[in-house]
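As structure tokens, the structure follows; a few thoughts come after it.
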Amino acid sequence: MAKKNTTNWPLAPAPESKDHFKLKPQYELFIGGKWQKPKSGKYFDTINPANEQKLARIAEAGEADVDAAVKAARKAYDNVWSKMPAAERAKYIYRIARLLQEKARHFAVVESMNGGKAIRESRDVDIPLAAAHFFYYAGWADKLQYAFPGKNPTPLGVAGQIIPWNFPLLMASWKIAPALACGNTVVLKPAETTPLTALLLAELIQEAELPDGVVNIITGAGATGAALVNHPDVNKIAFTGSTGVGKLIQKSIAGTAKKATLELGGKAANIIFADATIDQAVEGIVNGIYFNQGHVCCAGSRLYVEESVHDEVVRKLKHRMKSLVVGDPLDKNTDIGAINSKEQLGIINKYLKIGQEEGADMYQPACDLPGKGYWCRPTLFTNVAQSARIAQEEIFGPVLAIQTFRTVDEVIQKANNTPYGLSAGVWTDKGSKIFNLTTKMRAGVIWANTFNKFDPTSPFGGYKESGYGREGGVHGLGAYLNLN
Ligand code: NAP
Ligand code: MG
């Protein structure tokens with residue numbers, strides 16, 4: 001079937017092939033370098049959210065399995081990894097990076113099938129960035145003294161890592177690469193709905209011949225994550241996910257010696273001044289909220305437009321939205337893939353209703369949606385009050401809340417008026433405005449005249465309820481080291 005968008009220029013289908021590999025029907029737990037059946041005896045299905053078809057059966061790790069994984073990581077830490085010369089550790093990490101590049105297409109296809117994101121995103125963003133993180137941190141492994149002059153950096157021990165479903169392989173790489181470079185061993189739990197690329201990464205780690213137990217991948221739901229957090233022999237928790245679960249984790253590790261980094265939710269302000277290049281800004285808005293279905297913690301979900309250009313920005317944005325292709329994540333023309341789960345679609349739809357009940361005006365282009373699977377049209381709301389729930393709460397979907405402003409002070413005040421502080425964007429022709437805003441906005445990352453750009457050399461993390469600690473760059477090393 002030809003892809004339709006509402007400009008009525010049908011595009012010929014351009015599906016990415018998935019015939020060059022086969023997923024296993026069932027995946028076990030990757031513990032101590034081997035695939036082990038769960039002691040719990042339990043399994044769950046993982047599906048493709050674009051068609052609701054089952055992709056594989058996945059083992060569910062119970063407490064005894066978590067314990068076995070932590071023991072394997074401890075043994076590998078004590079006997080092998082912490083003793084290995086750093087330059088040798090680096091060689092393994094480089095090998096993972098190179099293998100990821102070799103298998104990039106395979107990983108991209110599986111990421112799109114399991115997570116619902118458009119192949120364009122997984123192929124051009126997720127997988128190359130994941131490999132880049134391994135390359136970057138491999139380079140640091142034998143230079144930690146230079147990263148922290150005058151200090152004596154030593155690893156923390158066993159790191160328990162818990163990641164969400166929006167960037168499954170990227171989050172795994174983001175967490176595993178610095179941990180290994182600093183000499184720690186790892187137990188990682190991917191999200192329940194997107195375990196597949198983490199399991200493929202485990203296969204790749206086997207192929208790279210990492211010593212047994214240095215990386216352990218255990219699948220399961222929230223209870224598996226909680227068991228990992230509460231395990232007494234874990235030295236560090238690295239968590240990316242919702243603010244709600246982040247708070248629970250903080251409570252459970254209070255009073256222990258465990259270190260933690262928490263990367264939590266966001267409600268980023270994207271600010272457009274009248275002197276900005278409007279067409280470029282409109283592309284940035286689309287990139288900031290609609291690509292990856294808005295499943296981005298730092299998505300530009302609040303748009304502040306200088307009043308004099310509001311009508312022009314909204315008109316151009318609506319026009320651009322009509323040309324966005326919503327549909328099969330494996331089609332190379334697709335801009336917006338499937339919502340990751342039925343549960344998440346329910347949350348998004350709840351907010352669409354709340355937005356309308358709050359009196360805001362909703363706009364969606366009239367594009368066709370596939371019959372099966374979980375889908376949401378790109379959506380914007382105008383006439384949004386600052387106190388509206390759609391302007392305050394994280395929706396985690398392709399939904400934009402638009403407000404206006406007249407002065408710089410007003411927009412800074414509005415942008416900061418949120419419990420979150422993960423990211424923000426500024427669009428203007430004036431460098432002085434950029435510097436003024438970036439020094440006054442409480443957000444961990446601020447993009448100027450661009451949005452959602454990532455690089456392994458750049459630290460990332462939040463203020464306020466968006467969490468604490470930094471990942472990426474030299475800062476990301478510090479989170480996995482004792483610095484005495
Ligand atoms: P989530 O429900 O908090 O889940 C994140 C991870 O924690 C999943 O692996 C989850 O397992 C696990 N988990 C659930 N309950 C747990 C518990 N009690 N103890 C330990 N682990 C537990 O978040 P999500 O819905 O997957 O992801 C969306 C959220 O992540 C959004 O709020 C988003 O802003 C945030 N996020 C933040 C960043 C950042 O860098 N700041 C990046 C990406 C996403 P299950 O999969 O089984 O639930
Ligand atoms: Mg969850």
Side-chain angles (χ1 to χ4, degrees), residues 42 44 46 58-61 63 66 114-117 126 129 160-175 187-196 198 217-231 234 237-253 258 260-268 289 292-301 339-348 351 393-397 418-423 443-445 452 454 458-472 476 479:
K42 289 189 194 158
F44 60 94
T46 192
I58 308 291
E60 183 178 329
E63 268 184 45
V66 172
N114 200 194
K117 65 173 66 193
D126 294 56
L129 260 180
Q161 308 183 321
I162 300 170
I163 57 173
W165 44 260
N166 59 343
F167 289 94
L169 182 74
L170 181 57
M171 287 295 129
S173 308
W174 191 315
K175 294 217 168 355
V187 179
L188 175 114
K189 188 201 93 69
E192 185 184 3
T193 55
T194 52
L196 286 177
I217 310 260
I218 53 170
T219 40
T224 308
L228 183 55
V229 169
N230 292 320
H231 195 289
V234 169
I237 299 293
F239 172 79
T240 297
S242 59
T243 297
V245 174
K247 285 181 179 171
L248 280 178
I249 291 178
Q250 247 177 327
K251 275 189 202 143
S252 34
I253 62 172
K258 289 174 194 168
T261 38
L262 304 176
E263 302 280 356
L264 310 176
K267 190 78 184 172
I289 185 67
N292 208 26
Q293 300 75 250
H295 293 341
V296 185
C297 51
C298 46
S301 51
I339 300 301
N340 179 257
S341 64
K342 192 174 177 184
E343 187 192 357
Q344 186 59 27
L345 180 59
I347 293 172
I348 297 168
Y351 277 104
E393 297 173 19
E394 186 180 44
I395 301 175
F396 227 60
T418 157
Y420 296 111
L422 194 57
S423 63
V445 181
N452 272 351
F454 299 94
S458 169
F460 183 87
Y463 282 85
K464 300 191 277 189
E465 292 204 4
S466 290
Y468 58 76
R470 293 290 178 266
E471 293 186 313

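All ligand and atom numbering here is 1-based and tracks the order in the structure. FYI, side chains are in, hydrogens and waters are out, and symmetry mates aren't considered; it's all heavy atoms of this structure.
With contacts defined as side-chain heavy-atom distances shorter than 4.5 Å, the pair F239/V245 qualifies. Counting only heavy atoms from C-beta outward, the side chains of K247 and L262 never approach each other to under 4.5 Å. Contact of the P190 side chain with the L188 side chain is registered, since non-hydrogen atoms from C-beta on lie closer than 4.5 Å.
The nearest non-hydrogen atom to atom 40 (O) of ligand 1, considering only E60, K267, E263, K247, comes from E263. If you check each of V296, L422, L248 against atom 18 (N) of ligand 1, the one with the closest non-hydrogen atom is L248. Heavy-atom proximity to atom 38 (C) of ligand 1, evaluated over C297, G220, G160, is greatest for C297.
Between H295 and F396, the ring planes are parallel. Angles under 30° get that label, and only those over 60° would be called perpendicular.
The ligand atoms of ligand 1 that sit less than 4.0 angstrom from a heavy atom of G265 are 32 (O), 34 (O). Taking every non-hydrogen atom of P164 and a distance limit under 4.0 Å, the qualifying atoms of ligand 1 come out as 26 (O), 27 (O), 43 (C), 44 (C). Which parts of ligand 1 touch F460 is read off a 4.0 Å heavy-atom cut-off, strictly below it: atoms 40 (O). Short contacts between ligand 1 and N166, defined as distances under 4.0 Å to a heavy atom of the residue, involve ligand atoms 43 (C), 44 (C). Less than 4.0 angstrom separates some heavy atom of G225 from each of these atoms of ligand 1: 19 (N), 20 (C), 21 (N).
Polar contact with ligand 1: present for G222 (N/O pair, distance under 3.5 Å). Inclusion of V245 in the set of residues having an N or O under 3.5 Å from an N or O of ligand 1 is not warranted. At a 3.5 angstrom cut-off on N or O pairs, F396 does not count as close to ligand 1. At least one N or O atom of W165, backbone or side chain, sits closer than 3.5 Å to an N or O atom of ligand 1. Not one N or O of T193 is nearer than 3.5 Å to an N or O of ligand 1, by distance alone. Close N/O approach between F239 and ligand 1 is not found [any backbone or side-chain N/O within under 3.5 Å]. Checking only distances, E394 does come within under 3.5 Å of ligand 1, N or O to N or O. At a 3.5 angstrom cut-off on N or O pairs, E192 counts as close to ligand 1. In terms of polar-atom proximity, T240 is not counted as a contact of ligand 1, lacking any N or O under 3.5 Å from an N or O of the ligand.
When atom types are taken as modelled, the side chain of K267 and the backbone of E394 share no donor-acceptor pair closer than 3.5 angstrom. In this structure, K258 contributes its side chain and V229 its backbone to a donor-acceptor pair below 3.5 Å.
For E63, the CD atom counts as loosely surrounded, since its 6.0 Å shell holds 12 or fewer non-hydrogen atoms of other residues, nucleotides or ligands.
Side chains of T194 and N114: a donor-acceptor N/O pair is absent below 3.5 angstrom, by distance only.
By the 6.0 Å and 45° rule, K117 stacks over the aromatic ring of F167.
Heavy-atom minimum distance, L170 versus L129: CD1-CB, 3.6 Å.
Here E471 pairs with K175 in a salt bridge; the nearest charged N to carboxylate O distance falls below 4.0 Å.
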